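One structure is given below, encoded as structure tokens.
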Amino acid sequence: ALPIYEEALVLSRAAQDRSSETRILNQIGELYDGMGEKQKALEYFAKVLLLRRALNDREGEARTHVRISEVYKELGEMQKTLDSLDSALQLSRAASDLAGEATVLTAFGGHYVSLGDSRKAVEFYSRAIALWRTAGDRSGEAKALSGLAKAYIFRYEPRRALRYHMQALKLHRILGDRRSEAHTLHNISWTYYALGQKKEALDYNSRALPLMRAVGDHRGEAAIYTNL
């Protein structure tokens, strides 16, 4: 795939089509990231950033900063992760992009969970949920609710975690997102285990299992069998 993208890149530059050039550079960055070549991915995402700035595409620039933050997170470079998210947040706000801002706040929440800072994770996920609701984006809201539940698990507050998992479950069902529904059912099972309610835990695992099979999630299915 890489030679095809490189050929397309040459053509887009020859045609001075900066929008196409930006998309192709981004695809090459994603390809390198998928191959595990993180530094190469960062190199191409940096080129995408420069073009988005030249095109005055603030929303696109913010999305690219979020993507860069994810690569830095995988590399364990936490300060650079935060710096990239800060840049994304400022750009989303400058563009009055509510969904973009909510995306960044959700990413902040996940980052702070990784750092073990559950207090900040709760703060950012809560802010994200409010914005997702304002933007009317139920999928984003469900993701942030699941993140908030996870943060409360880290705070040893499983009852609160359960409340937010249940809210996320309701939204996944409304959206018809069966894969996310299956994973949320499994997470609810874990939460009941944390509460010492084994009967309920087994019940939710039993509900998750056929859904994991239906969506072809073999890894999720194996995880459930491990816990049955």
Side-chain angles (χ1 to χ4, degrees), residues 34 66 69-70 73-76 78 81-82 85 99 102-228:
V66 171
S69 79
E70 291 169 351
K73 185 178 178 181
E74 289 172 2
L75 289 169
M78 296 310 189
T81 301
L82 283 173
L85 288 175
T103 297
V104 180
L105 292 171
T106 303
F108 263 117
H111 179 63
Y112 281 116
V113 166
S114 298
L115 288 175
D117 190 339
S118 58
R119 183 186 63 80
K120 280 197 171 182
V122 166
E123 175 193 335
F124 277 98
Y125 278 131
S126 298
R127 288 164 60 189
I129 289 164
L131 276 182
W132 284 125
R133 286 172 177 164
T134 301
D137 188 323
R138 286 178 161 179
S139 178
E141 182 186 348
K143 182 179 178 181
L145 283 165
S146 292
L148 183 57
K150 185 176 181 181
Y152 274 118
I153 287 290
F154 277 91
R155 289 176 67 87
Y156 304 103
E157 297 185 51
R159 291 201 180 279
R160 279 194 172 186
L162 186 61
R163 181 194 315 163
Y164 294 112
H165 276 317
M166 290 297 189
Q167 289 180 31
L169 180 63
K170 182 179 178 180
L171 288 175
H172 290 315
R173 285 173 171 165
I174 289 170
L175 293 165
D177 184 351
R178 300 181 81 197
R179 181 179 295 270
S180 295
E181 181 183 349
H183 281 278
T184 303
L185 286 167
H186 185 43
N187 288 335
I188 290 170
S189 171
W190 269 108
T191 307
Y192 273 122
Y193 270 120
L195 287 165
Q197 296 177 233
K198 292 185 179 181
K199 182 178 178 294
E200 289 81 358
L202 287 169
D203 177 42
Y204 275 89
N205 253 346
S206 298
R207 295 187 205 181
L209 186 58
L211 275 176
M212 290 289 190
R213 287 174 181 160
V215 299
D217 190 333
H218 302 303
R219 183 178 295 180
E221 188 179 348
I224 290 172
Y225 274 121
T226 302
N227 299 320
L228 282 175

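Values reported hereafter were calculated over all heavy atoms of this structure, with side chains retained and with hydrogens, waters and symmetry mates removed. Predicted, not measured: the structure shown is a model, and the values here were computed from it.
Of all the heavy atoms in Met78 and Leu115, the pair that sits closest is CG-CD2, 3.7 Å. Considering all non-hydrogen atoms of both residues, His165 and Asn187 come closest at CE1-CB, 3.5 Å. When all heavy atoms of Leu85 and His111 are compared, the closest pair comes out as CD1-CB, 4.3 Å. Across Ala151 and Ala121, no two heavy atoms sit closer than the pair CB-CB, 3.9 Å. Nearest heavy-atom pair across Ala128 and Ala102 is CB-O, 3.8 Å. Ala208 approaches Ile224 most closely through the heavy-atom pair CB-CD1, 3.5 Å.
Taken from OH in Tyr164 to OG1 in Thr191, the straight-line distance is 13.5 Å, to the nearest 0.5 Å. Rounded to the nearest 0.5 angstrom, His186 NE2 and His183 NE2 are separated by 8.5 Å. To the nearest 0.5 angstrom, Ser189 atom OG is 11.5 Å from Gln197 atom CD. In this structure, Ser180 OG and Leu185 CG are separated by 11.0 Å, a value rounded to the nearest 0.5 Å. Atom CZ in Arg138 sits 11.0 Å away from atom CZ in Arg133 (nearest 0.5 Å). Between Asp177 atom CG and Leu169 atom CG the span is 11.0 Å, to the nearest 0.5 Å.
The aromatic rings of Tyr112 and Phe108 lie parallel to each other, with less than 30° between the two planes, well short of the 60° mark.
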Subject >> side-chain contact (heavy atoms from CB on, under 4.5 Å) evaluation trace for Asp137 with Glu141 >> reply: CA-CA 6 Å; Asp137 188 323; Glu141 182 186 348; over 6 Å; no
Subject >> Derivation of the side-chain contact (heavy atoms from CB on, under 4.5 Å) call for Tyr193 and Lys198 >> reply: CA-CA 6 Å; Tyr193 270 120; Lys198 292 185 179 181; 4.1 Å; yes
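The side chain to side chain contact (heavy atoms under 4.5 Å, CB included) search around Arg213 returns Leu209, Glu221, Tyr225, not counting sequence neighbours. Not counting sequence neighbours, Glu200 has no partner by the salt bridge (charged side-chain N to carboxylate O under 4.0 Å, His left out) test.
With a 4.5 Å cut-off on side-chain heavy atoms, Trp132 and Thr103 count as touching.
A donor-acceptor contact closer than 3.5 angstrom is absent between the side chains of Lys143 and Thr106.
Distance alone, capped at 3.5 Å, places no donor-acceptor pair between the Arg179 side chain and the Asp217 backbone.
Applying the salt bridge (charged side-chain N to carboxylate O under 4.0 Å, His left out) rule to pairs touching residues 106-122 yields nothing, sequence neighbours excluded.
Enclosure of atom NZ in Lys150 is not indicated, since only 12 or fewer non-hydrogen atoms of other residues, nucleotides or ligands lie within 6.0 angstrom.
A salt bridge links Asp203 and Arg207; the closest N-O separation between the charged side-chain nitrogens and carboxylate oxygens is under 4.0 Å.
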